[in-house]
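Whatever order the structure lists ligands and atoms in, that order sets their numbers, starting from 1.
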Amino acid sequence: MLALTARRMGYRIATLDPDPSCPASPVSDLTLTASFDDSSALRRLAEASDVVTYEFENIPVESLRQIASCRSVFPDPSILHICQHRERERDFLKSSGFPAPRYSVVTSASELSEALKSFPGKTRLKSSAFGYDGKGQLPLDPKSDSIQAWEQIRVPRAVLEEHVPFIREISVLVARNAQGRSVTFPPFENRHVNGILERTIFPARIPDAIAKDAMDLAVRIAVKLGLVGLLAVELFELSDGRLLVNELAPRVHNSGHLTAEACPTSQFEQQIRAVCGLPLGDVSPLTPAVMFNLLGDLWKQGEPDWAPVLATPGASLHLYGKSEARPGRKMGHLTLRASSIREAIRLGSKTMNPIRQKAGLPPLLD
Ligand code: AMP
């Protein structure tokens, strides 16, 4: 989606990805199929490019540093270094005074057992590295067996954090350019199922004051990080209106996909503008919208019949061209625009439920 947008804006694109059939390859002028730490591929990518960015967090920071020695890389590799590692991210938030869940770093079963004693209620054990979509996480409580939990998570370092009784999850996307100007999308409201984003509602159904707090918080984080590019800030909203930062992602974000239809400037275009030194675009909402992720589970009986979806006014279907549909794998997404959020959700259930039924899945909850 980033490459498609760059193409529309007149750029040529070089892509590095270990997967020869990666979704960006059909729209790239040059596809380098190599691992993210292949130094000769990294050199070729740098030679072919004026500016390099990334849309995935599990890239070795050293690889970005190699490119940064001769080309502009945005967001700066030091930002990825913080955001790709939960422990560093939590330490950054804490030392900078940003609100986040209480946490302890643990490196053994005995440390976990000690840490569990300091949390009165439910907790979550999260691997420090390589976690996404709820992967590498275990819900625990004070009575949990720490030896068993430590064996199950199987990582050298982890973060034990309090379970947050949030009333809503929201995210904010902030773009910042090299001149220090920031533009923030209004907050997105997110619902997760099994740790994976199920839907995003835009604009989030929250009071204006909370929306403003969330946007201010995202800008302050972006400034503190020295961001050039795009940053997603995932937040928990508590019943008293307080916000806690769950995660930071220095890239385009799943919750921002619907900006392609719902805003004059999409998150993809905004990232390209920010990293290429162009003026940032207008992000005022054009329309209420809801996005549903299309997971591989929908392909259980083969490719779903998209005809009724395509016949729905206000529906935009995005399929990523991934060759293999596995359960939980994001294969595409569906955005529905309507005159109200309620109507967009209704249309979503109406179009998605027959497809879900055919795949043996329960209907969507409203
Ligand atoms: P993550 O990969 O950390 O974003 O976690 C995936 C999802 O798990 C989040 O979007 C929340 O729905 C849930 N989650 C993660 N951490 C917590 C927490 N500390 N308390 C409650 N729910 C959480």
Side-chain angles (χ1 to χ4, degrees), residues 55-58 80 82-94 98-106 112 115-116 118-142 144 149 152-155 157-173 187-202 204-206 214 217-218 221 231-240 242-258 290-293 295 327-330 333 364-365:
E55 50 85 78
F56 173 67
E57 269 150 276
N58 292 332
L80 183 70
I82 294 171
C83 300
Q84 73 177 184
H85 194 265
R86 237 182 255 281
E87 202 180 308
R88 286 197 286 267
E89 187 175 273
R90 289 267 171 263
D91 290 348
F92 160 77
L93 292 167
K94 190 174 174 187
F98 297 119
R102 198 160 77 77
Y103 72 102
S104 284
V105 174
V106 290
L112 175 59
L116 277 171
S118 65
F119 289 91
K122 290 194 282 180
T123 47
R124 280 196 173 229
L125 183 64
K126 301 180 171 184
S127 65
S128 292
F130 299 118
Y132 68 98
D133 284 349
K135 289 191 173 70
Q137 292 195 19
L138 275 184
L140 301 178
D141 63 48
S144 297
Q152 209 174 325
I153 193 130
R154 297 177 74 157
V155 290
R157 298 182 78 87
V159 170
L160 182 71
E161 66 181 38
E162 63 177 320
H163 173 85
V164 180
F166 57 81
I167 56 162
R168 230 181 322 259
E169 291 188 76
I170 60 175
S171 53
V172 175
L173 277 169
F188 306 94
E189 177 181 339
N190 302 317
R191 188 196 287 174
H192 292 81
V193 175
N194 300 326
I196 304 178
L197 183 67
E198 183 233 18
R199 72 180 68 172
T200 295
I201 294 168
F202 181 72
R205 296 167 295 180
I206 53 176
L217 179 57
I221 295 172
L231 176 78
V233 180
E234 295 181 20
L235 298 161
F236 295 135
E237 181 193 344
L238 305 182
S239 55
D240 60 6
R242 277 186 306 135
L243 297 168
L244 298 182
V245 178
N246 173 35
E247 252 186 354
L248 306 175
R251 55 168 169 81
V252 287
H253 192 255
N254 196 169
S255 63
H257 287 359
L258 52 66
V290 178
M291 186 248 14
F292 293 91
N293 267 329
L295 303 184
R329 188 174 196 203
K330 291 171 182 167
H333 69 269
L364 289 172
L365 295 170

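- In this structure, Lys122 does not count as a contact residue of ligand 1, since none of its heavy atoms falls inside 4.0 Å of the ligand.
- For ligand 1, the atoms sitting less than 4.0 Å from at least one non-hydrogen atom of Glu169 are 9 (C), 10 (O), 11 (C), 12 (O), numbered in the order shown with element in parentheses.
- At a heavy-atom cutoff of 4.0 Å, ligand 1 is contacted by the side chain of His192 but not by its backbone.
- Those atoms of ligand 1 that come under 4.0 Å of a heavy atom in Arg86, given as number and element, are 2 (O), 3 (O).
- With a heavy-atom cut-off of 4.0 Å, Lys126 touches ligand 1 through its side chain alone.
- Between Val164 and ligand 1, at least one N/O pair is under 3.5 Å apart.
- The aromatic rings of Phe166 and Phe236 lie parallel to each other, with less than 30° between the two planes, well short of the 60° mark.
- Electrostatic pairing of Glu161 and Arg86 does not count as a salt bridge here, judged by no charged N lying under 4.0 Å from a carboxylate O.
- The backbone N or O of Leu197 sits less than 3.5 Å from a side-chain atom of Asn293, completing a donor-acceptor pair.
- Residue-ligand proximity, His163 to ligand 1, at heavy-atom distances under 4.0 Å covers atoms 20 (N), 21 (C).
- For the salt bridge (Lys or Arg N to Asp or Glu O under 4.0 Å) test, no residue two or more places apart in sequence or in another chain qualifies with Arg102.
- Ligand 1 has no atom lying under 4.0 Å from any heavy atom of Pro101.
- Every atom of ligand 1 with a heavy atom of Glu234 under 4.0 Å away is listed here by number and element: 4 (O).
- Counting heavy atoms closer than 4.0 Å to ligand 1, residue Arg102 contributes nothing at all.
- Here CG of Asn254 is found 10.0 Å from CD1 of Ile196. Values are rounded to the nearest 0.5 Å.
- Rounding to the nearest 0.5 angstrom, the gap separating the CG atom in Leu140 from the CG atom in Leu125 is 5.5 Å.
- The Gly195 neighbourhood of ligand 1 comprises atoms 6 (C), with distances under 4.0 Å to a heavy atom of that residue.
- Here Asn246 has side-chain heavy atoms under 4.0 Å from ligand 1, and that is the only part of it that gets that close.
- Taking the ring-ring contact (aromatic ring centres under 6.0 Å, His included) definition, one finds that Phe119 meets it with nothing, sequence neighbours left out.
- The two residues Ser127 and Ile153 have their closest heavy-atom pair at N-CD1, 3.9 Å.
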